[in-house]
Amino acid sequence: MTPLRLRLRLLSLRLFSLLSPPAWWLWWRRLSPPALIVTSFAALIAVGTAGLMWIPGLQAGPPLSFLDALFTMTSAVCVTGLIVVDTATHFTRSGQLWLLVFIQLGGLGVITLTTMLIGALGRRLSLRTETIAMPLVSSADTDLGKLAVAVGKFTLAAEAAGALALFLLWLPRFDVADAAWHAVFHAVSAFCNAGFSTFSDSLVGFADSPLTLLVVSALVVAGGIGFLSVWELRHWWRGRRALAPSLRTRVRGPRLSSHTATVVVTTAVLLGVGWIAFTVFEWNNVLADMSVVDKLANGLFMAVTPRTAGFNSISYAQVGNDTAMLTIVLMFIGGSPGSTAGGTKTTTIAVLIALAWSRMRGRRYVELRGRGIPQGTIDRTVSLLLMAMTVITAALLLLNFIRAAHIPPAKARGEFLAIVFEATSAFGTVGLSMDLTASLWSTARVILICLMFIGRVGLLSFFSALTLRSRLPSRVRPAHEDLLIG
């Protein structure tokens, strides 16, 4: 081969290598949808942690250690709200903005943002992208591109409206610049159910401001009810108005899907029961010195924030055991599928209740609103509950073992409730705390990091990404053999 041909051959090989997709892109394309979701959040946390440690001007105090930076960014990306340092004093305005960007990215999800961008450009979504974003849709006739754009519009509209309302409410307390920044930060944090605050005491200083608590509560509920439910409710309302322009005219309008109806009813029941219970439990305790209006507003706020929001207008270190227990239950349930909230989700609890009620009445099939629930959904629901209980139990055993190794047993027993509260808050990506996070040892913080990550990406996605393929073909069914239970 002549030198000229050799050079041309080398040049063509270089051009081919530049034009061919890189190895990491081919690896990314081969990932399964659950593995892609897990990898996306892990990459987002890694980028945020690196920026927090290496970008100058983000921290006002001493630089965070790697573990504390990782804990902070995991809490931000997983929209949890647990903190090891005070967000208001340790970070500069630029550092708070850095956290806010990753709260927004983590709240909407990397895949959702990508879907929104593709939909906005008018391109058709691939089958793989639709499979990844399937939690946002429930029917085959849903246009995922339009839905993704609607998600972006609804998010920006809700956060803008919340920021404007908070700005007007807080303008008498702060100057224009500070009021605007605090309003924007809390609007985004509330809608994403993050719980991060630019105030050292969260919203304790606004316990006597019912309007502030109501605005934040509305943002939390809007972000935690699920994009699909909001999308369907909007079209359902438009359909009813089209059939009946006057609200006084009663007609039979379009029917809500079982998913949206279950989400709305379950959310309303949990909020109503929580509001009454928290107000009664703490009427003569942490709410004792408040007026009746403030007691009712704070009681409602206490029912809303365990739905993975993480803001607090009272100190949870001073609440009674009944309030702490109910808060743990609400944190475990969390918000709704396809939302910024975490937890086992409202639909999971609704299906479990329907399953128990059906079995008590001796019925073979499980139904909601006159519609049967597929057996596969019931199996996934039961599996999800068992996995959640297993993960939390294992985390509690490790946390109590680590805590008991550093403090006397009597004091460790006194902190058991606070540890259960902390672990459930991390798993449900809530962010409420009984003032225990900052005092935990490094190994305990690693456990909380894992809980926050698993709780955000979802148990099914997390374990599906780790599960190896079975050696048996999918069409081969093992032989049956019964066993005694109960």
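Contact detail for L44 and G106: the closest heavy-atom pair is CD2-N, 4.1 Å. When all heavy atoms of V286 and S315 are compared, the pair lying nearest together is CG1-O, 4.4 Å. Contact between V263 and I225 at its shortest, heavy atoms only, is CG1-O, 3.4 Å. For the pair A444 and L440, the tightest heavy-atom approach, listed with the atom from each and the gap, is CB-CB, 4.0 Å. Looking at every heavy atom in both residues, G342 comes nearest to T308 through N-CG2, 3.3 Å. Heavy-atom minimum distance, L451 versus A423: CD1-O, 3.8 Å.
Atoms CE and CG, from M389 and L396 in turn, are 9.0 Å apart once rounded to the nearest 0.5 Å. Expressed to the nearest 0.5 Å, how far CZ of F453 lies from OG1 of T80 amounts to 11.5 Å. The distance from atom CE of M387 to atom OG1 of T344, rounded to the nearest 0.5 Å, is 11.5 Å. Rounded to the nearest 0.5 Å, atoms CZ (F332) and NZ (K345) are 11.0 Å apart. If you take CZ on F278 and CG on L300, they are separated by 11.0 Å, rounding to the nearest 0.5 Å. Distance OG1/T327 to CE/M302: 5.5 Å, rounded to 0.5 Å.
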Test L105 against V77 for side chain to side chain contact (heavy atoms under 4.5 Å, CB included), laying out the working first. CA-CA 7 Å; L105 294 175; V77 173; over 6 Å; no
Criterion side chain to side chain contact (heavy atoms under 4.5 Å, CB included) on M434 and S425, from CA distance to verdict: CA-CA 10 Å; M434 301 182 80; S425 178; over 6 Å; no
Start with the C-alpha distance between V351 and I373, add both sets of side-chain angles, then the distance that settles side chain to side chain contact (heavy atoms under 4.5 Å, CB included), and finish with yes or no. CA-CA 8 Å; V351 171; I373 303 176; 4.3 Å; yes
Give the C-alpha distance, both sets of side-chain angles, the deciding distance and a yes or no for side-chain hydrogen bond (donor to acceptor under 3.5 Å, both in side chains) between S383 and R380. CA-CA 5 Å; S383 301; R380 288 194 301 271; over 6 Å; no
For a ring pair (Phe, Tyr, Trp, His ring centres under 6.0 Å) check, start with the C-alpha distance between F191 and F154, then their side-chain angles and the critical distance, and finish with the verdict. CA-CA 11 Å; F191 182 83; F154 173 70; 5.7 Å; yes
Could you walk me through whether M331 and F427 pass the side chain to side chain contact (heavy atoms under 4.5 Å, CB included) test, one step at a time? CA-CA 8 Å; M331 290 192 300; F427 175 78; over 6 Å; no
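Listed for the N193 side chain is no donor-acceptor partner under 3.5 Å among the backbone atoms of T340. Between the S189 side chain and the G195 main chain, a donor and an acceptor come within less than 3.5 Å of each other. In terms of modelled atom types and a separation under 3.5 Å, the side chain of R456 and the main chain of S75 share no donor-acceptor contact. At distances below 3.5 Å, not a single donor-acceptor pair connects side-chain atoms of T305 with backbone N or O atoms of G310. Between the side chain of T279 and the main chain of W275, a donor-acceptor pair closer than 3.5 Å is present.
Between R307 and T346 the shortest side-chain heavy-atom distance falls below 4.5 Å. At least one side-chain heavy atom of L271 sits under 4.5 Å from a side-chain heavy atom of V304. Residues V366 and T377 form no side-chain contact, since every pair of their non-hydrogen atoms from C-beta on lies 4.5 Å or further apart. Contact annotation: the side chain of L287 never approaches that of D294 to less than 4.5 Å [non-hydrogen atoms, C-beta and beyond]. Side-chain contact between W181 and L100 is present, with at least one heavy-atom pair separated by less than 4.5 Å. Side-chain contact between E282 and I314 is absent, with no heavy-atom pair separated by less than 4.5 Å. Looking only at side-chain heavy atoms (C-beta outward), M73 and W98 come within less than 4.5 Å of each other. H259 has its side chain within reach of S229: a pair of non-hydrogen atoms, C-beta onward, lies under 4.5 Å apart.
Counting heavy-atom neighbours within 6.0 Å of W283 CH2, excluding the residue itself, gives a total above 12.
Checked against S336 for a side chain to side chain contact (heavy atoms under 4.5 Å, CB included), the options T266, T347, T267 give a single hit: T267. A ring-ring contact (aromatic ring centres under 6.0 Å, His included) with F206 is found for one member of F301, F199, F311 and no other, namely F199.
For the residue pair S197 / S202, no side-chain donor-acceptor distance below 3.5 Å is found, with atom types taken as modelled. For the 3.5 Å distance criterion, the side chains of S209 and W170 fail to qualify, holding no donor opposite an acceptor.
Using cut-offs of 30° and 60° on the angle between ring planes, the pair H182 and H186 is perpendicular.
Here R361 pairs with nothing under the salt bridge (Lys or Arg N to Asp or Glu O under 4.0 Å) rule; sequence neighbours left out.
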